[in-house]
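Accompanying notes for the structure given below.
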Amino acid sequence: MDQKSTLVGAAELKELLAGTRPPVLVDVRLEEDCNCSRLPGAGSNCVFEVVFTERMPGIAPDLTAPVCVYGAGGGSLESRMAAEKLGRMGYAAVYDFKDGIEGWKAAGFPTDENSQQVTPPVVADGEFTIDLAESRIHWIGRNLLNRHEGLIGLKAGWLRMEAGRLTGGGFVIDMRSITCLDLKGNALHDVLIRHLMDHDFFDSAKFPEATFAITDAIEVPDATPGSPDLTILGVLTLKGVSHPLEFTACTGVTAEGKPAAQATLAFDRTLWNVLYGSGKWFRHPGGHLVNDLIELQLRIVSA
């Protein structure tokens, strides 16, 4: 049976730690955050890591002994998540210090501080070329019940950064590099690729490249990490036809300090004269009906 945890504030936790049976104190934030600043005597066990429960017996081997977990505070839920896990593991007395290290400091209580603070990577303003090996376009095409998916290569690209955020850029798509992942190793793979590269779809011999140019990037209000933070406006040129294209993207900086972005979008191929099997342009395509929307999953990483 899951054991329920007890919420405590800073003053309550201070009393518990000064008592005759103080709880085992565990910082469940990232290890690097814990190493920078922690409550005195706290151990480290990051709740985001899958080995969290495996490490707990080494930190608190006695299931009957009290344990108190804490995180950042300020509404961040890592301590609640950790307390729930400990309850499922059978710990009998679990305290959730909901105010976290922020609340502990706000109460004026001491912490162990490390002068070697971790600073997030900073990207200088300017233009960055795209890493063609790390960047990719994943396409998905569908009809009523079926789908095909694959990759399209990039030939070139760049990103412009200003004040730490993406403001412009563009890339060149190699329309002769289309592959299909779900038919890999199947004789039908090459049949489908010829179909896609033929006049029916993208006419890759005549139009070997497509381009996308960013014209604006607008911040999404109140975006949180991991959710779309920019609305990207641009112009997609495909089969010699240029139309505006708008989508949202998650942007940021990698641990190596490289600007990067990911996005999932769908666009109506018929606006770019890719008409094969479209119910808008053919009265009865039958089993050759193909959905008008093409889905793209973009992963763009700078070099």
Side-chain angles (χ1 to χ4, degrees), residues 127 129-130 132 135-144 147-160 162 165-180 192-220 223 228-251 259-283 285 288-302:
E127 295 184 0
T129 58
I130 287 176
L132 299 181
S135 303
R136 63 182 62 98
I137 300 176
H138 188 153
W139 62 267
I140 301 174
R142 298 179 173 89
N143 59 21
L144 181 61
R147 58 179 267 170
H148 289 298
E149 60 180 307
L151 300 175
I152 309 177
L154 290 166
K155 295 185 66 175
W158 59 280
L159 300 174
R160 183 173 66 243
E162 295 179 13
R165 73 178 186 89
L166 177 67
T167 60
F171 44 86
V172 180
I173 306 165
D174 184 357
M175 298 305 297
R176 293 173 295 189
S177 67
I178 303 171
T179 62
C180 180
L192 175 63
I193 296 305
R194 283 197 300 271
H195 188 33
L196 294 176
M197 294 176 64
D198 200 357
H199 173 265
D200 289 337
F201 280 94
F202 301 111
D203 205 358
S204 300
K206 185 176 181 180
F207 303 101
E209 295 179 353
T211 62
F212 180 73
I214 299 173
T215 57
D216 202 357
I218 303 170
E219 291 187 359
V220 175
D229 61 322
L230 285 181
T231 298
I232 306 295
L233 288 77
V235 175
L236 174 64
T237 300
L238 177 67
K239 289 188 71 175
V241 179
S242 297
H243 270 296
L245 185 63
E246 177 181 328
F247 55 91
T248 57
C250 298
T251 67
Q262 288 207 42
T264 298
L265 63 131
F267 68 94
D268 183 347
R269 61 189 173 89
T270 65
L271 297 177
W272 285 266
N273 201 32
V274 183
L275 305 181
Y276 179 90
S278 170
K280 285 193 295 189
W281 293 98
F282 301 97
R283 184 169 299 173
H288 302 283
L289 178 69
V290 179
N291 292 3
D292 290 342
L293 292 183
I294 296 175
E295 182 178 315
L296 298 182
Q297 297 174 2
L298 308 179
R299 168 189 161 104
I300 306 296
V301 184
S302 68

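Numbering of residues begins at 1 and proceeds along the displayed sequence.
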Got a sec, which residues hit side chain to side chain contact (heavy atoms under 4.5 Å, CB included) with [X], two or more places apart in sequence or on another chain?
| X | answer |
| --- | --- |
| Leu293 | Ala266, Asp268 |
| Asp174 | Lys155, Arg176, Ser177 |
| Trp139 | His148, Ile152, Ile178, Cys180, Leu196, Leu296 |
| Arg142 | Ile140, Arg147, Asn291, Glu295 |

**Prompt:** Does Lys239 reach the main-chain N or O of Phe201 with its side chain, forming a donor-acceptor pair under 3.5 Å?
**Reply:**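 A pair under 3.5 Å: yes.
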
**Item:** Polar side-chain atom of Ser204 near backbone of Met175 as donor-acceptor pair, under 3.5 Å
**Value:**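 Between the backbone of Met175 and the side chain of Ser204 there is a qualifying donor-acceptor contact (under 3.5 Å).
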
Please report, to 0.1 Å, the donor-acceptor pairs under 3.5 Å made by any side chain of residues 211-219, with sequence neighbours excluded.
{"unit_1": "Thr215", "atom_1": "OG1", "unit_2": "Leu233", "atom_2": "O", "d": "3.1"}
{"unit_1": "Glu219", "atom_1": "OE2", "unit_2": "Arg165", "atom_2": "NE", "d": "3.1"}

**Prompt:** Roughly how far apart are Leu151 CG and Arg299 CZ, rounded to 0.5 Å?
**Reply:**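 Answer rounded to 0.5 Å: 11.5 Å.
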
Should [X] and [Y] count as side-chain neighbours, where that means a heavy-atom distance under 4.5 Å?
| X | Y | result |
| --- | --- | --- |
| Tyr276 | His195 | yes |
| Asp203 | Asn273 | no |
| Leu289 | Phe282 | no |

**Prompt:** side-chain hydrogen bond (donor to acceptor under 3.5 Å, both in side chains) with His199: which residues, sequence neighbours excluded?
**Reply:**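 His199 satisfies side-chain hydrogen bond (donor to acceptor under 3.5 Å, both in side chains) with no residue once adjacent residues are dropped.
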
